Amino acid sequence: MSAAGPPQGARPPRGERRQAPLRGGHKGAATVPVIAVDGPAASGKGTVAAGVAQALGFHLLDSGSLYRLVAHKALAEKVDPDDGPALAAMAEALDVDFRDGRIARDGRDVTNAIRSEAVSAAASRVAVHPAVRAALLARQRAFRRRPGLVADGRDMGTVVFPDAFLKVFVTATPEERARRRHKQLIEKGISITMESLLRDIRERDARDVSRASAPLRAAADAVILDTTDMTIAAAVDSVLGLYRARAAETGGKESN
Ligand code: DC
């Protein structure tokens with residue numbers, strides 16, 4: 001599967017893996033329910049989104065991985081993270097294969113490589129450019145396939161899927177997010193101080209919130225979920241509860 005294939009963490013459930021994705025503009029796409037899960041770095045939104053997708057048998061879009069892939073390629077090819085047009089061309093032509101939980105770029109497995117702190121920092125810079133964001137838009141919308149999609153990112157509810165059936169904005173304090181990230185890295189055998197993680201998280205937040213194009217913010221109609229004192233399981237249950245309550249309210253008409 002290449003560039004335009006249903007990227008990523010979009011593990012098509014139940015044997016649909018080889019089915020061609022619907023295009024963003026496909027007539028039927030708007031009737032497929034989307035749960036938008038947005039929030040800042042290390043808020044737990046990725047884990048929550050994956051848990052919700054799994055519970056509902058929905059596809060999953062980890063949109064941050066697309067920005068990470070562009071950043072990873074830019075670093076590898078020494079393209080300036082401030083060169084918007086060059087990065088947008090790269091985003092447009094990105095050759096990526098999402099399969100069985102692994103991510104390959106240009107035929108090479110980069111699943112772990114795109115999670116490094118260097119790529120995280122570069123991805124945040126790459127994501128600032130409107131041309132890069134525009135180049136990734138159709139690719140993200142192509143994930144909207146039956147029976148539904150859980151989309152994780154920063155602008156899922158505001159820009160990519162403004163008609164999402166349910167929008168959740170997941171937050172946690174910067175200190176708690178740094179603590180979670182620290183735990184993850186230590187488990188991977190990577191040694192880093194809490195201070196430097198907290199500083200990175202604050203810098204990334206500032207950049208994500210203040211950028212002109214699709215800044216990180218909760219959609220007006222999003223439900224705010226503060227996970228500072230919550231387990232992942234409780235956060236997943238909470239989103240599932242919101243989804244079911246809304247589905248009951250709308251009598252099963254789960255698209256907007
Ligand atoms: O969620 P993440 O940490 O993998 O995202 C990596 C970077 O990409 C992050 O700095 C913000 C950016 N991003 C974005 O601008 N819009 C998205 N929908 C997802 C991620």
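Note that the structure is predicted; figures quoted are calculated from it, not measured. All ligand and atom numbering here is 1-based and tracks the order in the structure. Note that the numbering runs from 1 along the sequence shown for the chain.
Annotation: D62 places no N or O atom under 3.5 Å from an N or O atom of ligand 1; distance criterion only. Checked by distance only, ligand 1 and Y67 stay at 3.5 Å or farther apart across all their nitrogen or oxygen atoms.
If you check each of R133, R68, R125 against atom 3 (O) of ligand 1, the one with the closest non-hydrogen atom is R68.
Residue R115 holds its CZ atom at 9.0 Å from CG of N112, rounded to the nearest 0.5 Å. Rounding to the nearest 0.5 Å places CG of D152 at 10.0 Å from CG of L149.
Summarising the local packing, NZ of K188 is surrounded by more than 12 heavy atoms from other residues, nucleotides or ligands at distances under 6.0 Å. Counting heavy atoms of neighbouring residues, nucleotides and ligands inside a 6.0 Å radius, atom CG of D80 exceeds 12 of them. Few gaps surround CZ on R102; more than 12 heavy atoms of other groups in view lie less than 6.0 Å from it.
Of the possible donor and acceptor atoms, none in the side chain of S213 sits under 3.5 Å from a partner among the backbone N and O of H129. Formation of a donor-acceptor pair under 3.5 Å by the T227 side chain with backbone atoms of S43 is found in this model.
Those atoms of ligand 1 with a heavy atom of K45 less than 4.0 angstrom away are 1 (O). Residue A123 has at least one heavy-atom neighbour below 4.0 Å for each of these atoms of ligand 1: 7 (C). Residue contact check: M156 has heavy atoms under 4.0 Å from atoms 18 (N) of ligand 1.
Nearest protein heavy-atom contact of atom 1 (O) of ligand 1 is R154 NH1, 2.8 Å. The closest protein non-hydrogen atom to atom 20 (C) of ligand 1 is G64 CA, 3.5 Å. Protein heavy atom at the shortest distance from atom 19 (C) of ligand 1 is S63 OG, 3.4 Å. At the shortest separation from atom 12 (C) of ligand 1 among protein heavy atoms lies A127 CB, 3.7 Å.
Both the backbone and the side chain of S124 come within contact range of ligand 1, each with a heavy atom under 4.0 Å.
Each of H182, E176, Q184 was compared with R180 under the side chain to side chain donor-acceptor pair (under 3.5 Å) criterion, and only E176 meets it.
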